[in-house]
Amino acid sequence: MQPVGVNRTMTRLTLEVDAGLTMCRVPSTRSTAIHHLACSQLADGRRGYWIDARNTASTHVLYDCAPSPRALAGLQIARAFTAYQHHSLVRRVARVADPRAELLVAPNVVDLYRDDDLREYEREELLAATLTILGELGHALECPVLVTAADEDAAAIVSEYADREIECLETREGIRFEGEGVQTEGYWHGSYWQTTIPYWVEVCGALGCGIDPAVRAHDRGLLAAVDGEAKTEATA
Amino acid sequence: MTYTFEFDDGSVRAWNLTADGAESECVEYTPSLVVDGPATALESLADRLASDPKVCALGFEKRYTSLHDTKSDRSRVLRVSLERLAEVRTLADEIRGVHERECEATAPGTYRLYDVDLAPGFRYCLDEGIDPTPVRELRTLRIGIDDRSLANRSLSELRLDGEPVDAEPAELCWSLRRRLEREDPDVLVVSHGELIPFLETAATEAGLDGFHLGRLPGSTRVAGSNTYESYGQVGHSPARYRVPGRAIVDESNSFLWHQSGLEGLVYMVRRTGRPLQEAAWGSIGTLLTSRQIRLAREQDVLAPWNKWEPESFSDVKTLHAADRGGFTFAPEVGLHENVHEIDFASLYPRIICQHNVSPETVGCACCAGDDGRIRERVPELEYHICREDGFLPGVLRPLLDDRAKFKRKLREDPDEAEERRLRAKSGAIKWILVSCFGYQGYRNAKYGRIECHEAINAYAREIMLRSKHLLESAGWHIVHGIVDSLWVTPRGRDDRQTETEPEPEPDPLETVLERISCEIGIELEHDGAYEWVCFVPLQGSESGSGSGSGSGSAGRGGRRSETGAPAGALSSAPAGALTRYFGKRTSGGFKCRGIECRQRSTSAFVADCQHEFLEVLDETRDPEAVCDQLGRRLGELRRSDVDPSDLVLTKRVSQPVDAYQQRTHTVAALRRYDRHDIERHPGQTVRYIVVDDDARNPERVRLEFELEPDPDPESESDSSPTYDSDYYADRLVRAAESVTSPLGWDRTRIRRYLADGRTVQLSTFRRR
């Protein structure tokens with residue numbers, strides 16, 4: 001039984017990143033940005049591996065993000081519940097990965113390595129080994145490896161191994177992606193598309209710079225205080 | 001014969017029960033752990049360990065490292081034997097933390113360790129093939145004290161076998177020693193483990209030489225206290241002690257003792273191979289794991305230290321089908337008459353046994369790709385099941401058989417003592433059976449596997465849907481269903497029948513249950529008959545709050561009308577809470593689940609009042625009558641007529657006091673415990689009454705024992721607290737709302753009704 005798509009906001013994007021480790025900075029561990037990114041790569045049933053942590057791989061979200069259920073046909077998922085299992089999965093992929101694989105995904109890649117059941121002496125090394133293998137796998141298979149980091153500490157660790165970074169921002173319209181090789185084209189609101197400036201740049205050609213600095217500031221919450229003041233004034 | 005053990009440098013003192021006491025013998029014991037890894041890595045580890053003074057022997061042998069391996073070949077592993085039991089864990093950490101790092105060309109995680117974290121007595125019995133089940137009735141002595149006296153280091157409240165001992169400390173210790181000598185107990189049941197060092201110190205201070213709680217002098221602290229998290233809940237386990245020759249049961253740290261007493265404990269000793277004292281402090285998960293480890297050892301399978309084995313990769317479609325959880329029919333909110341609760345006895349363990357679900361049978365390699373060979377396929381999923389008998393059914397079947405046998409004997413009207421024994425043992429098994437399914441999905445379960453968890457769920461869903469179909473075709477209507485239980489009521493007339501036609505009779509329920517049991521192969525039992533049952537709406541989902549007609553009987557009947565909603569219910573039916581309901585048994589009495597009177601954070605007063613509301617509802621089916629009773633009780637509250645001891649609340653501490661972000665009641669209570677020098681750890685409970693809910697400091701609450709006069713006259717605690725009637729009034733209204741909300745009355749409507757000051761109905765005056 002296939003799930004029916006729900007009226008949630010979805011983001012349309014194009015992703016063209018090189019092989020190697022790409023760190024996606026996400027606003028929270030529950031963010032669905034990685035689902036959008038993965039699905040944008042998996043169209044036409046291309047092969048990919050998803051090494052899951054903390055039950056991020058919600059099949060409902062994946063079906064919602066994918067253009068069609070068939071697009072996910074080549075995706076193989078395995079869930080880790082301990083850091084030991086996570087590391088085993090990474091090694092397993094290294095051992096058995098289909099050479100035609102075009103994508104590896106490891107959401108919340110640092111998370112399980114913070115659990116209490118890990119001894120201090122092995123915490124760092126096991127994680128370092130995991131990230132090293134993931135990076136090398138990307139180069140060996142010549143495919144992108146998308147990993148997510150939801151907080152500063154995780155980002156600091158992953159960035160040491162990452163070849164590049166994509167920032168995923170929750171905006172009022174939906175998730176916006178920023179970084180080398182990724183473009184947000186529009187947001188689907190269940191009944192209409194909210195297009196973005198890059199989309200019109202793509203369609204009509206560029207006028208000036210990319211995204212308006214005010215839009216960027218807003219998406220990072222920098223304008224919240226200003227918004228608040230404006231509201232106060234309006235009600236006063 | 002051996003039933004309790006002490007471990008000392010390289011030897012074990014084992015105690016054998018004799019007809020009139022116990023005798024000890026000291027034996028040499030060499031514990032060992034096992035390491036798996038690539039051959040060269042194991043060779044270099046063996047070289048390095050050869051010079052380790054902790055290690056007394058090294059050897060390679062062939063063992064299974066997982067249940068899966070039993071389908072193929074044994075692995076060549078390194079067995080490392082140690083001089084001392086206490087050093088197993090140290091060496092394990094060194095292998096992973098030092099040797100693995102220093103060996104050339106070994107990546108992190110190269111060495112996989114086995115047989116590391118086993119309780120000492122359990123390990124010894126496992127290695128030596130000892131059955132630690134006691135061979136005769138055990139003699140127990142209960143030693144109890146309350147929290148406050150223990151904190152104050154006062155022996156005045158000490159109780160022996162429940163009887164207070166009114167004596168000075170010296171005399172008290174003397175009489176305790178006399179009892180120990182005279183009765184020679186095999187088991188000390190203590191209210192707190194801390195009593196052991198406390199009593200020994202008190203005896204020394206009182207000048208009593210040679211006082212000891214064990215059969216020989218000396219006591220040992222074998223584990224410190226710690227706080228842990230399990231299934232999202234914080235727990236606290238107190239320090240553990242050992243005394244020579246006697247098993248200790250710490251009542252503050254024994255689930256099994258509370259659930260099923262000594263009989264249940266002894267049964268679990270037999271089934272798990274854990275000696276009594278270790279069975280007493282073991283959680284249900286620990287006991288289940290022990291039984292698994294023991295049976296795995298019989299098959300030559302090792303017990304992994306950490307959970308390295310991950311699930312297999314699967315496609316999105318399979319994962320989507322598999323990750324669906326248990327089964328539920330949304331309850332029809334409202335009052336339903338003539339309801340029967342039916343459930344499958346031990347559904348999950350029976351599925352495991354009937355369908356051979358086990359970590360090594362689900363998707364086994366030996367049958368893969370050979371449809372002629374496999375036993376069956378899991379419904380909806382692509383997993384197949386191996387034809388060879390699985391491990392997990394072997395773990396559970398004897399427990400299921402025992403439980404069925406005990407229940408059968410219970411029906412034969414045994415004498416009181418036998419009945420107690422049977423109930424205790426049956427209760428102990430029940431908990432293991434209840435947890436065996438969830439445990440398969442638990443992240444650290446040694447032999448757990450998520451695919452088993454999913455397969456069991458898939459079978460359960462199929463069984464419930466099949467049962468639903470069979471019930472409906474026999475003229476029954478399902479008003480609610482969850483996991484393994486269904487609530488059914490006669491379907492009555494359908495839309496095409498007029499009121500003048502007689503209501504169709506459904507097939508007799510017993511016949512239908514027999515038919516279903518036979519078809520499914522698992523017994524579907526009649527659990528209870530109810531005059532009526534109410535399913536409570538989810539909080540915030542009550543439709544038409546405060547509106548609607550004044551009809552008190554809204555929702556009655558619960559049959560579906562033409563619109564598909566329960567007859568008489570408000571037009572857009574609110575969503576029902578899955579586990580909040582109450583009903584009146586035809587045999588008398590109420591069954592309540594999930595409502596206030598079942599929650600331990602509810603005070604006795606509010607719980608009693610809620611029971612009254614249920615009685616009023618039963619007599620009148622009228623929410624107004626319930627509100628009238630509520631109004632009466634609110635009046636008592638406001639006039640301060642309620643005994644404060646009936647307003648005590650119990651809350652579980654979830655974190656240390658300084659970690660709380662908000663100033664909750666618990667924080668206020670913890671600060672007050674602190675004033676009395678009583679330690680409260682996360683996982684323990686606090687008991688208090690609310691005296692000023694607006695205060696944000698310790699003055700917000702009083703502890704239960706602060707209501708009583710302090711035994712210490714020099715203490716400055718205030719002794720005349722009142723209570724915050726507004727706070728308790730709010731609790732009481734909520735309790736009434738749970739009872740009336742199935743009939744469409746939420747708290748807004750209750751308050752409006754009470755504010756109207758209408759003439760109170762006669763029914764209110766009939767009640768006290």
Side-chain angles (χ1 to χ4, degrees), chain A residues 1-3 38-39 42 45 47-52 54-55 57-60 62-63 66 69-94 96-98 112 115-130 132-133, chain B residues 38 66 89-90 92-102 106-113 116-117 226-230 234 304-325 379-381 440-446 448-451 453-454 461:
Chain A
M1 186 191 71
Q2 301 298 355
C39 288
L42 284 169
R47 279 156 213 268
Y49 293 91
W50 180 302
I51 297 159
D52 199 52
R54 301 261 186 258
N55 273 319
S58 156
T59 51
H60 292 277
L62 282 170
Y63 278 123
R70 210 165 42 86
L72 297 173
L75 184 63
Q76 294 279 309
I77 302 179
R79 294 159 298 176
F81 302 93
T82 69
Y84 302 109
Q85 288 178 326
H86 193 267
H87 184 72
S88 295
L89 283 175
V90 171
R91 284 190 177 203
R92 182 177 291 176
V93 173
V96 302
D98 188 322
L112 292 170
D115 283 353
D116 284 347
D117 56 358
L118 223 62
R119 259 101 22 209
E120 280 309 317
Y121 58 75
E122 60 188 355
R123 200 179 290 279
E124 275 179 37
E125 290 192 8
L126 209 55
L127 176 59
T130 292
T132 308
I133 298 172
Chain B
S66 73
R89 180 60 197 261
T90 315
D93 281 329
E94 284 174 7
I95 292 172
R96 296 288 323 283
V98 180
H99 299 296
E100 188 174 90
R101 289 169 165 198
E102 292 178 0
T106 51
T110 298
Y111 296 127
R112 306 284 161 97
L113 276 72
V116 174
D117 51 346
N226 77 315
T227 300
Y228 58 90
E229 197 180 322
S230 170
V234 177
W305 187 21
N306 296 119
K307 188 89 178 156
W308 288 93
E309 207 179 348
E311 74 170 344
S312 313
F313 277 96
S314 58
D315 60 29
V316 182
K317 205 170 98 212
T318 307
L319 187 63
H320 187 75
D323 195 18
R324 281 176 44 197
E380 299 176 78
L381 310 182
Q440 276 300 311
Y442 171 49
R443 62 199 297 270
N444 279 325
K446 288 201 185 297
R449 205 179 146 213
I450 192 76
E451 288 94 328
H453 189 88
E454 293 167 347
R461 284 193 300 267

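Just so it is clear: chains get the letters A, B, ... in the order the sequence lines come, proteins before strands, and each one is counted from 1.
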J.: Do Val316(B) and Trp50(A) come within less than 4.5 Å of each other through their side chains, counting heavy atoms only?
T.: no
J.: With a 4.5 Å limit on heavy-atom distance, are the side chains of Lys307(B) and Phe81(A) in contact?
T.: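 Of all side-chain heavy-atom pairs linking Phe81(A) with Lys307(B), none is under 4.5 Å.
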J.: What's the spacing between Glu100(B) CD and Glu122(A) CD if we round to 0.5 Å?
T.: 7.5 Å
J.: Judged by atom type as modelled, is there a donor-acceptor pair below 3.5 Å linking the side chain of Ser88(A) to the main-chain atoms of Trp308(B)?
T.: yes
J.: Taking side-chain contact (heavy atoms from CB on, under 4.5 Å) as the test, write out the residues that go with Arg123(A), two or more places apart.
T.: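 Arg123(A) satisfies side-chain contact (heavy atoms from CB on, under 4.5 Å) with Leu118(A), Glu120(A) once adjacent residues are dropped.
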J.: Between chain B and each of Leu62(A), Thr82(A), Ile77(A), count heavy-atom pairs under 4.5 Å; write down the option with the most.
T.: Ile77(A)
J.: Report which part of Ala322(B) has an atom under 4.5 Å of a heavy atom belonging to chain A: side chain, backbone, both, or neither.
T.: neither
J.: So does Tyr121(A) get a backbone contact from the side chain of Arg101(B), meaning a donor-acceptor N/O pair under 3.5 Å?
T.: yes
J.: Quick one: closest heavy-atom pair of His87(A) and Pro108(B), and the distance?
T.: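 Looking at all heavy atoms of both residues, the closest pair is NE2-O, 3.5 Å.
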J.: Identify the heavy atoms of Arg96(B) and Tyr84(A) that sit nearest to each other, and give their distance.
T.: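 Scanning both residues, the minimum pair turns out to be NH1-CE2, 4.1 Å.
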J.: Among Ile51(A), Asn55(A), Val96(A), Leu126(A), which residue has the highest count of heavy-atom pairs closer than 4.5 Å to chain B?
T.: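 Highest number of pairs under 4.5 Å: Leu126(A).
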J.: Looking only at heavy atoms, which two atoms of Arg92(A) and Ser312(B) are closest? And how far apart?
T.: NH1-CA, 3.7 Å
J.: Against chain A, work out which of Asp315(B), Asp323(B), Thr318(B), Asp93(B) has the most heavy-atom pairs shorter than 4.5 Å and name it.
T.: Asp93(B)
J.: If only atom types and distance count, is the side chain of Glu311(B) paired as donor or acceptor with the main-chain N or O of Arg79(A) below 3.5 Å?
T.: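 Looks like yes, one N/O pair under 3.5 Å.
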